[in-house]
J.: 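After the structure tokens below, expect a handful of questions from me.
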There are 2 protein chains.
Amino acid sequence: MTTQALVEQIRRKKSFLCIGLDVDLNKIPKHLLETEDPIFEFNKAIIDATHHLAVGYKPNTAFYEAYGIKGWKSLEKTINYLNANYPEIFTIADAKRGDIGNTSTMYAKAFFEDLKFDSVTVAPYMGKDSIEPFLAFKNKHTILLALTSNQGAFDFQTKDIEGKKLYEQVLELSKSYQNSENLMYVVGATKAEYLSDIRKIIPHSFLLVPGVGAQGGNLKDVCKYGLNDQVGLLINSSRGIIYASDAIDFAEAAADKALELQKEMSQILS
Amino acid sequence: MTTQALVEQIRRKKSFLCIGLDVDLNKIPKHLLETEDPIFEFNKAIIDATHHLAVGYKPNTAFYEAYGIKGWKSLEKTINYLNANYPEIFTIADAKRGDIGNTSTMYAKAFFEDLKFDSVTVAPYMGKDSIEPFLAFKNKHTILLALTSNQGAFDFQTKDIEGKKLYEQVLELSKSYQNSENLMYVVGATKAEYLSDIRKIIPHSFLLVPGVGAQGGNLKDVCKYGLNDQVGLLINSSRGIIYASDAIDFAEAAADKALELQKEMSQILS
């Protein structure tokens, strides 16, 4: 998907909401456990109920890998369902991969070619040659971890490294990568006060912002400093939406939560 | 597996060789492509021919994920084959994972409980709360990226951050993590000159050392600075061993290459 198509979808839906599909069998409604593929059935119901309110879905690969081959099948069915039924949706494999060059190419093939995601999250620790293989795929997006939503972000990311913070160095350096136009960045909603500095370095890029909801991030703060003229934000909420209820009406309850956020977004955009 | 059992295996086999199973269908012998699961058949033959010369095997998950469910099945069959037939072998999922706490727990379950690997490689960018969930698993080992073998290691890892290099900070901080005795570290063979400084910070830990062979690292240099009184090294070679030949005798050719390295190691240990 092109960035332009993503922006058009955002304008049309008046939403820059992304829904995280972090599906834990211990948390989904009990009646789904009797189906052949509870994870996929859960995702399908959530997607059908919320697709008009969200522009993206972000399965977190850990939650599928934890169930082995069965989990990987659920992931494949989920992305295939999205691509077949809602082709306008921006899909994110939240996988946080990254390795030496020939290995990163294999990861890129896994998520861009085999599973046909629009984007994948990637960790920057191993530097340029671990990231550029992802960027080589046309109309695919590589979402680089910059400043994450967790407490551990302060261990290294915000530390000074040659006069700048590590996450700033990550942002700066990434701008010189080949095909850097295919980059987006992860910036946690719990670190909204950093966003104005971040926008000075990457004014035009899209940011994927996790941490609104369960992790305590605030939508208004994020938008105040993070919005740009192409919107430039994808706000992710996972647990706050998908686990709104564990009763038979869980999908409607999720839609209600998504609608709350979409309404806030619609106001902010107008 | 306990560290003690690993050390005993090393002493018994006079080897600290780990063989990387980075299986690319474009590089394996053509006759295997006619089998139902070429990747597993390749791995099985390599393992059967080299298990007496190596103490560990390290499938790189990217090379399995790139083939989707079929690839994940090959990975599962490979680890099951190792655990069933060569239980003394130390198994490494080279997956380079790492995410917020509840997600890292899911990754740990995927590799330690579902696939039953002895260890997994983890990236440190997201800090303490992304790593400790892995460390909570008893007799399982978390191999933290410190100084990697690629050129991109110089982008961030070797930069000064508050008076120390980033990889040194990663090493230092990790020592304070809960269950830090379950930590090992990745240090690239191509950066052997850094090893004496690294040993000052973590004298007793095991290091997984990729980069000997195809990437240009030198075994003698690594041992000179990296060995400790428990040996403390796992030297990985992937392409240099497994792709020694693409003819019908590929497994014997791999064993010949492994034997060369094992002989060198035997000399170094005596």
Side-chain angles (χ1 to χ4, degrees), chain A residues 22 24 60-69 71-73 76 94-111 113-115 123-132 145 148-157 159-162 166 169-170 173 210-211 215 239, chain B residues 22 24 60-69 71-73 76 94-111 113-115 123-132 145 148-157 159-162 166 169-170 173 210-211 215 239:
Chain A
D22 306 359
D24 185 334
N60 185 318
T61 56
F63 287 76
Y64 300 82
E65 292 174 30
Y67 301 110
I69 288 164
W72 203 267
K73 272 188 192 161
E76 189 181 88
D94 194 1
K96 301 193 170 68
R97 300 300 201 259
D99 206 317
I100 64 171
N102 72 322
T103 303
S104 276
T105 296
M106 295 304 260
Y107 278 129
K109 284 185 180 174
F111 293 106
E113 289 186 348
D114 183 70
L115 290 174
Y125 190 73
M126 293 181 64
K128 176 176 169 167
D129 53 352
S130 71
I131 299 156
E132 283 189 336
L145 300 188
T148 56
S149 59
N150 63 327
Q151 185 60 27
F154 299 113
D155 289 357
F156 308 115
Q157 298 168 26
K159 292 283 164 69
D160 270 353
I161 175 167
E162 300 191 348
L166 175 57
Q169 295 276 15
V170 167
L173 232 96
Q215 294 183 60
R239 290 170 272 180
Chain B
D22 307 358
D24 185 334
N60 185 319
T61 55
F63 287 76
Y64 300 82
E65 292 174 30
Y67 301 110
I69 288 166
W72 203 266
K73 272 187 193 163
E76 189 181 270
D94 195 1
K96 300 192 172 68
R97 301 299 201 262
D99 205 315
I100 63 171
N102 71 323
T103 304
S104 277
T105 297
M106 294 305 260
Y107 279 129
K109 284 184 180 175
F111 293 107
E113 290 185 348
D114 184 70
L115 290 174
Y125 190 74
M126 293 181 67
K128 176 177 169 166
D129 53 352
S130 71
I131 299 157
E132 284 190 335
L145 300 188
T148 57
S149 59
N150 63 325
Q151 184 61 28
F154 299 114
D155 289 358
F156 308 114
Q157 297 166 27
K159 293 283 165 68
D160 270 351
I161 175 168
E162 303 193 344
L166 174 57
Q169 296 275 16
V170 168
L173 233 95
Q215 293 182 60
R239 289 170 273 180

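Protein chains get the first letters and strands the later ones, always in sequence-line order, with residue 1 at the start of each. Quick caveat: nothing in here was measured; it's all calculated off a predicted structure.
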J.: Would you mind telling me which of A/Q169, A/R97, A/Q151 has the largest number of heavy-atom pairs within less than 4.5 Å of chain B?
T.: A/R97

J.: Given that the side chain runs from C-beta out, which part of A/T61 has a heavy atom under 4.5 Å from chain B: side chain, backbone, both or neither?
T.: both

J.: Determine the option with the most heavy-atom pairs under 4.5 angstrom with chain A, choosing from B/V170, B/D129, B/D160.
T.: B/D129

J.: Where is the tightest heavy-atom contact between A/D114 and B/G68, given as atom of each residue plus distance?
T.: OD2-CA, 3.1 Å

J.: Is the backbone N or O of A/M126 less than 3.5 Å from a side-chain atom of B/N150, with the two atoms forming a donor-acceptor pair by type?
T.: yes

J.: Which atom pair, heavy atoms only, marks the closest approach of B/Y107 to A/D94?
T.: OH-O, 4.0 Å

J.: I want to check something: taking the side chain as every heavy atom from C-beta on, are A/M106 and B/Y67 in contact at a cut-off of under 4.5 Å?
T.: yes

J.: For the side chain of B/D155 and the backbone of A/K128, is there at least one donor-acceptor N/O pair under 3.5 Å apart?
T.: yes

J.: State the CG-CD1 distance between B/D22 and A/I100, to the nearest 0.5 angstrom.
T.: 7.5 Å

J.: So which part of B/P124 gets closer than 4.5 Å to some heavy atom of chain A, the side chain, the backbone, both or neither?
T.: both

J.: What pairs with B/D99 under side-chain hydrogen bond (donor to acceptor under 3.5 Å, both in side chains), at least two apart in sequence or on another chain?
T.: A/K96

J.: Which atoms of A/T103 come close to chain B, meaning under 4.5 Å heavy atom to heavy atom: side chain ones, backbone ones, both, or neither?
T.: both

J.: A side-chain contact here means heavy atoms from C-beta on lying under 4.5 Å apart; do A/E65 and B/W72 qualify?
T.: yes

J.: With only heavy atoms counted, which part of B/L173 is less than 4.5 Å from chain A, the side chain, the backbone, both or neither?
T.: side chain

J.: With a 4.5 angstrom heavy-atom cut-off, which part of A/E76 approaches chain B: side chain, backbone, both or neither?
T.: side chain

J.: Considering all heavy atoms of both residues, which atom of A/F156 and which atom of B/L166 are nearest to each other, and what is their separation?
T.: CD2-CD1, 3.9 Å

J.: Could you give the distance from OG1 (A/T105) to CG (B/D24), rounded to the nearest 0.5 Å?
T.: 10.5 Å

